[in-house]
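If you read the sequence from its start, that first residue is 1, and numbering goes on from there. The structure displayed is predicted, hence computed values, not measured ones.
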Amino acid sequence: MKRYSLRVLATALVMTVLILVSPAAYAGAAARPVGDPVLEAPTLMSLGAYWIIGDDNDNASVELHYRKGGAAEWLRGMDLLKVESGAEQRGDHEPALVVPKDARLFAGSIVLLEPDTAYEMKLVLRDPDGAAAEHMLSARTNAEPKAPANGPVYYVMPGDGGAPGSGTEADPYRGIAEAEKHARPGDTFLLQAGVYTGPITLRRSGEPGKPIIWRGAAGHGKGETILQGAVDDAERPGRGISMDATHHIWLEDLTIRNSKWAIVAHEASHIVLRRCHIHSVEFGFTATKNSKGTMGGFFIADNLIEGPSTWPRSQGIEDARGIQISGVGSDVCYNRISGFGDAIDTMPSSHVSAIDFHHNDVSELTDDGIEMDYSFRNTRCFNNRLTNVYQGISVQPIYGGPVYVFRNAMYNVVVEPFKMHNGPSGALMFHNTVVKKGMPLALWTSKPISNCVYRNNLFIGTTDKYAFACEAKATNCDYDYDGFGGGPFPNFMKWNGVKYATIEDVRTKAPIYKNIVAVDPATAFASGVLPPDDETKQHTIVDLRLADGTAARDAGQVLPGFNDGFGGKAPDLGAYEAGADVPHYGPRSLPVPLPAEGEVR
């Protein structure tokens, strides 16, 4: 069976419809395209692209316009980010895309799109020195995976002894290993309620449009299907389910428990994990080895994943992780994850791009809430809710970007809302709300940061030395239109070694935050919620929608494609625009019934 890399498939989506070049193009210092722009792999709600441009005096820009397929009107997106030269080569893995030394990479995304919808993107190269070029690209956002109609259905029951069974409802296969011997692309296996003891290894793959589906009895209303690594929880074997180097396999409506790694899917692609309950494990879903560059296309949604970590942090950095993936073209969304070091991470490989983490509800995380670490470009973390996290969202490091972190709501972050250690370049932080004890925003590292942008965020804290202390050297960073509340603060900000005593000093003397906003914590939120006074307490989920009359209303900057359709005179600060719908966080339906109080799992 022939397999295609996700990179090849993404590149094949590019359709250059129109190229316009000005008469003076490429004369002297004018910018010049190095090849055509390229589409990244699509996700459920985002499309990304990049374009390599030569420009001797480095003053070119690339506009982004987009529209639904067939629509007449073009919408303006945010200009592509001019990626820092050489940033993609700073990691330990050789990047799949290496930019020539005499050129620059421009990259960017359109976001918050409709799933399963055709779009057109228009990229316009502008240069004051006279060059101009225009390209149109066509792509389609992903649809949520849907099982093929009228495929073969087989039945499986626990056990591995006696007659093997024939796969009918009256005579099910005895055990998953026996059923897998007969698996073919397009088959669905209904696992009857009961306990299936492993470890379990899945080797057979499906095909595009013809996945192999392993679905628990809960999916058809007939009880809980439990896959476990061992009978005794204390034994905890290494892996519960192994599915390395497989593709187009779905796991749905299952309980997975009693192993160190619940699911391991190195070198795999197009895996669906949906409506499952994972617990009594140290790691949930792990897919981190990507030596061939073919990994990705994961859809991990509507799961309940519970780890061993407890709040508050008492053991330092814990290894336990909920979801770890690498590759391209994946969505991790609508999950409820708690009790790990980190909830969701991107992991290093030569391909880490076009990955979306969104609409997740995560809490009690003793290291980082969500990590976008090791991303190259066009990874996106948005519409997530984080409660009781030691560090908020991590970008330590990212290799050029852009990495978009927007519309996330965080309550009770202990240290840094954004963990920007190890020299990140290209982090874009828009419209996030952070409420915490102490310093509202801090960065405690001596490593530099570069080419990062903050806009329209809301940081609420309590008294501390500063409202914002940045110990890192910052180069080519653009911070503005954020709101800060809390205090009193003996000094308001420290930036590139300089202290600014008051918020007015920041506005008039600092190289950033010319439009910084002071927000009163007592009147910021309609719910009346205040910053936590004890970060060690396990706080419940709070409502961080803005109150009428707060200074955070109508105080933001217009960001095309990120805050279109705002009400009032200008966009509101933080994760929630007044009058807009609150995102759905966590599973849209419960994965499986939870045990009754006092019931032994």
Side-chain angles (χ1 to χ4, degrees), residues 43-48 61 63-68 71 73-81 108-114 117 119 121 141 356-359 378-385 393 401-410 417-418 426-435 441 452-460 478-485 512-517 519 524-526 543-585:
T43 58
L44 198 67
M45 300 179 66
S46 307
L47 295 169
S61 61
E63 294 177 1
L64 172 60
H65 306 257
Y66 68 99
R67 65 185 178 186
K68 282 187 181 181
E73 181 183 358
W74 287 97
L75 303 174
R76 185 66 188 269
M78 185 169 288
D79 286 1
L80 299 191
L81 177 73
S109 298
I110 50 176
V111 298
L112 302 174
L113 305 177
E114 296 180 19
T117 302
Y119 286 89
M121 301 170 67
T141 51
D356 285 1
F357 297 159
H358 58 96
H359 295 92
N378 287 325
T379 60
R380 295 151 301 234
C381 175
F382 59 96
N383 284 351
N384 300 289
R385 181 169 61 193
I393 297 172
V403 171
Y404 299 94
V405 179
F406 64 98
R407 299 283 185 192
N408 300 287
M410 297 183 249
F418 301 116
L428 309 183
M429 313 302 195
F430 304 149
H431 279 293
N432 300 284
T433 295
V434 176
V435 183
L441 179 62
C452 296
V453 180
Y454 279 45
R455 282 293 188 279
N456 301 351
N457 302 290
L458 178 59
F459 301 103
I460 301 293
D478 182 4
Y479 287 40
D480 208 353
Y481 288 93
D482 289 344
F484 287 81
I512 59 172
Y513 281 139
K514 298 301 182 184
N515 298 281
I516 194 171
V517 180
V519 179
F525 303 110
D543 186 344
L544 298 178
R545 285 177 287 180
L546 295 176
D548 292 338
T550 174
R553 294 282 296 272
D554 297 342
Q557 186 180 45
V558 175
L559 305 175
F562 288 85
N563 53 23
D564 300 339
F566 60 86
K569 298 178 181 178
D572 297 338
L573 303 184
Y576 305 115
E577 179 72 20
D581 293 337
V582 174
H584 183 102
Y585 301 111

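- Rounded to the nearest 0.5 Å, atoms NE2 (His358) and CG (Asn383) are 9.0 Å apart.
- Using modelled atom types, no side-chain atom of Asp572 and backbone atom of Phe566 make a donor-acceptor pair closer than 3.5 Å.
- Residues forming a side chain to side chain donor-acceptor pair (under 3.5 Å) with Thr379 (at least two apart in sequence, or on another chain): Ser375.
- With Phe430 as the fixed residue, the side chain to side chain contact (heavy atoms under 4.5 Å, CB included) test singles out one of Asn408, Asn456, Leu559: Leu559.
- Separating the CG atom in Leu112 from the CZ atom in Arg380 is a distance of 10.5 Å, to the nearest 0.5 Å.
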task: Check the pair Asn563, Arg407 against side-chain contact (heavy atoms from CB on, under 4.5 Å), reporting the backbone distance first and the verdict last.
output: CA-CA 10 Å; Asn563 53 23; Arg407 299 283 185 192; 3.6 Å; yes
task: Test side-chain contact (heavy atoms from CB on, under 4.5 Å) on Tyr454 and Ile512 and set out the steps.
output: CA-CA 10 Å; Tyr454 279 45; Ile512 59 172; over 6 Å; no
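- Here the straight-line distance linking atom CG of Leu544 with atom CG of Asn432 works out to 12.0 Å at 0.5 Å rounding.
- Listed for the Thr550 side chain is a donor-acceptor partner under 3.5 Å among the backbone atoms of Ala552.
- The two residues Asp554 and Ala570 make their nearest non-hydrogen contact at OD1-O, 3.2 Å.
- For the pair Val517 and Ala551, the tightest heavy-atom approach, listed with the atom from each and the gap, is CG1-O, 3.6 Å.
- Separation of atoms CD1 (Ile110) and CE (Met78) is listed at 13.0 Å; rounding is to 0.5 Å.
- Salt bridge absent: Asp480 and Lys514 never bring a charged side-chain N and a carboxylate O closer than 4.0 Å.
- For Tyr513, the side chain to side chain donor-acceptor pair (under 3.5 Å) test picks out Asp482, with sequence neighbours left out.
- Taking 4.5 Å as the limit, every side-chain heavy atom of Leu113 sits out of range of all side-chain heavy atoms of Ser46.
- Taking the six-membered ring where tryptophan is involved, the planes of Phe406 and Phe382 are essentially parallel, since the angle between them stays under 30° and well short of 60°.
- Note: Tyr585 OH to Arg385 CZ = 6.5 Å, rounded to the nearest 0.5 Å.
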field: Test log, rule side-chain contact (heavy atoms from CB on, under 4.5 Å), inputs Ile393 and Met410
entry: CA-CA 9 Å; Ile393 297 172; Met410 297 183 249; 3.9 Å; yes
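- Listed by chain and number, the residues in a salt bridge (charged side-chain N to carboxylate O under 4.0 Å, His left out) with Arg76 are Glu63, Asp79 (sequence neighbours excluded).
- Panel note: side chain His431, backbone Gly574; a donor-acceptor pair is recorded below 3.5 Å.
- In this structure, Ala409 and Tyr576 approach most closely via the heavy-atom pair CB-OH, 3.4 Å.
- The two atoms that bring Ala524 and Val519 nearest to each other are CB-CG1, 4.0 Å, heavy atoms only.
- The main-chain N or O of Met429 is found under 3.5 Å from a side-chain atom of Asn457 such that the two form a donor-acceptor pair.
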message: Is there a side-chain contact (heavy atoms from CB on, under 4.5 Å) between Leu75 and Asp564? Walk through the geometry before answering.
response: CA-CA 10 Å; Leu75 303 174; Asp564 300 339; 5.5 Å; no
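- A donor-acceptor pair is defined here as one N or O able to donate and one able to accept, closer than 3.5 Å; such a pair exists between the side chain of Thr141 and the backbone of Thr117.
- Shown here are the side chain to side chain donor-acceptor pair (under 3.5 Å) partners of Thr433, two or more places apart in sequence or in another chain: there are none.
- Every residue two or more places apart in sequence or in another chain that forms a salt bridge (charged side-chain N to carboxylate O under 4.0 Å, His left out) with Asp543 is listed here: Arg545.
- Shown here for Val434 and Pro417, the closest heavy-atom pair between the two residues is CG1-CG, 3.7 Å.
- In this structure, the separation between CG on Asp356 and OG on Ser109 is 7.5 Å, given to the nearest 0.5 Å.
- Between the side chain of Glu577 and the backbone N or O of Gly567, at least one donor-acceptor pair lies under 3.5 Å.
- The shortest distance between side-chain heavy atoms of Leu47 and Met121 falls below 4.5 Å.
- Using modelled atom types, one side-chain atom of Tyr119 and one backbone atom of Glu114 make a donor-acceptor pair closer than 3.5 Å.
- Residues satisfying the side chain to side chain donor-acceptor pair (under 3.5 Å) criterion with Tyr404, sequence neighbours excluded, are absent altogether.
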